[in-house]
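In what follows, a single structure is set out as structure tokens and then discussed.
Every heavy atom of this structure was used, including side-chain atoms; hydrogens, water molecules and symmetry mates were not. We're numbering straight along the sequence, starting at 1. Not measured: the values here are computed from a predicted model.
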Amino acid sequence: QVHLVESGGGLVQSGESLKLSCDASGFDLDYYAIGWFRQAPGKEREGVACLSTSDGESWYTDSVKDRFIMSRDHGKNAVYLEMNSLKPEDAGVYYCATDVKYMPAALYCSRRTFRYLGQGTQVTVSS
């Protein structure tokens, strides 16, 4: 059974950093697309960063390019989102999602429904 468990959220000040983790079980991350999505109050859920398979193809939304880094740990079957120079507009609930199928990173990040979605972790950025 597929499970995704996020952790690492919290309250930080503008300019600080956080690193989110998504521990996956029930499938091998090396072979399937996976992404980080966030939802701010009153806004639609949006794709932030996605990886395709272990070939390393990645996609980032424009607002986080050069600040966020998504990575994959093959041994731990986990993905991470390192968030630097955080801004108040980065705040929201961050979710890890996968459909356990191959998909280009940009295409996966355009999705709004998912086969598997974690419970989310809250990120709050004070100005």
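- To the nearest 0.5 Å, the span separating CZ on R72 from CG on L51 amounts to 5.0 Å.
- Here the side chains of T121 and L20 are in contact, with some heavy-atom distance below 4.5 Å.
- Note that OG of S25 is 7.5 Å distant from CG of L4, once rounded to the nearest 0.5 Å.
- Using a 4.5 Å cut-off on side-chain heavy atoms (C-beta onward), K101 and R115 make no contact.
- Of all heavy-atom pairs spanning N84 and S17, the tightest one is OD1-OG, 3.0 Å.
- Residue M70 holds its CE atom at 7.5 Å from CH2 of W36, rounded to the nearest 0.5 Å.
- Taking OG of S7 as the reference point, atom CD of Q119 lies at 8.5 Å (rounded to 0.5 Å).
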| What's the verdict on salt bridge (Lys or Arg N to Asp or Glu O under 4.0 Å) for D90 and R38, showing C-alpha distance, side-chain angles and the deciding distance? | CA-CA 9 Å; D90 295 321; R38 71 183 172 199; 3.3 Å; yes

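- Side-chain contact between R67 and M83 is absent, with no heavy-atom pair separated by less than 4.5 Å.
- Alongside Y95, the hydrophobic cluster contains F37, V93, M103, L107, Y108, F114, L117 (criterion: ILVMFWY side chains under 4.5 Å).
- Taking each heavy atom of G35 and C50 in turn, the nearest pair found is CA-SG, 3.6 Å.
- You'll find the side chain of V125 stays beyond 4.5 Å of the side chain of E16, heavy atoms only.
- By the 4.5 Å heavy-atom criterion applied to side chains, N77 and D23 are not counted as neighbours.
- Using a 4.5 Å heavy-atom threshold, the side chains of Y32 and D99 count as separate.
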| task | Mind running side chain to side chain contact (heavy atoms under 4.5 Å, CB included) on Y80 and I69 for me, showing each step along the way? | result | CA-CA 8 Å; Y80 306 96; I69 301 171; over 6 Å; no

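- The two residues C109 and A49 have their closest heavy-atom pair at SG-C, 3.4 Å.
- Note that K65 lies outside the cation-pi zone of Y60, set by a 6.0 Å cut-off to the ring centre and a 45° limit from the axis.
- Of all non-hydrogen atoms in A91 and A40, the two that sit nearest each other are O-CB, 3.7 Å.
- Residues L11 and L81 do not share a hydrophobic cluster, defined by chaining ILVMFWY side chains whose heavy atoms lie under 4.5 Å apart.
- With contacts defined as side-chain heavy-atom distances shorter than 4.5 Å, the pair S52/Y102 qualifies.
- Under a hydrophobic-cluster definition in which Ile, Leu, Val, Met, Phe, Trp and Tyr are linked whenever side-chain heavy atoms come within less than 4.5 Å, directly or via other members, W59 and I34 are assigned to different clusters.
- Note: S127 OG to K87 NZ = 13.5 Å, rounded to the nearest 0.5 Å.
- Between E57 and P104 there is a side-chain heavy-atom pair separated by less than 4.5 Å.
- Under a 3.5 Å cut-off, the side chain of E6 and the backbone N or O of G120 do form a donor-acceptor pair.
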| query | How far apart are the C-alpha atoms of T124 and V12, what are their side-chain angles, what is the distance that settles it, and do they pass the side chain to side chain contact (heavy atoms under 4.5 Å, CB included) test? | reply | CA-CA 6 Å; T124 305; V12 296; over 6 Å; no

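- Here the SG-CG distance, from C96 to L29, works out to 7.5 Å after rounding to the nearest 0.5 Å.
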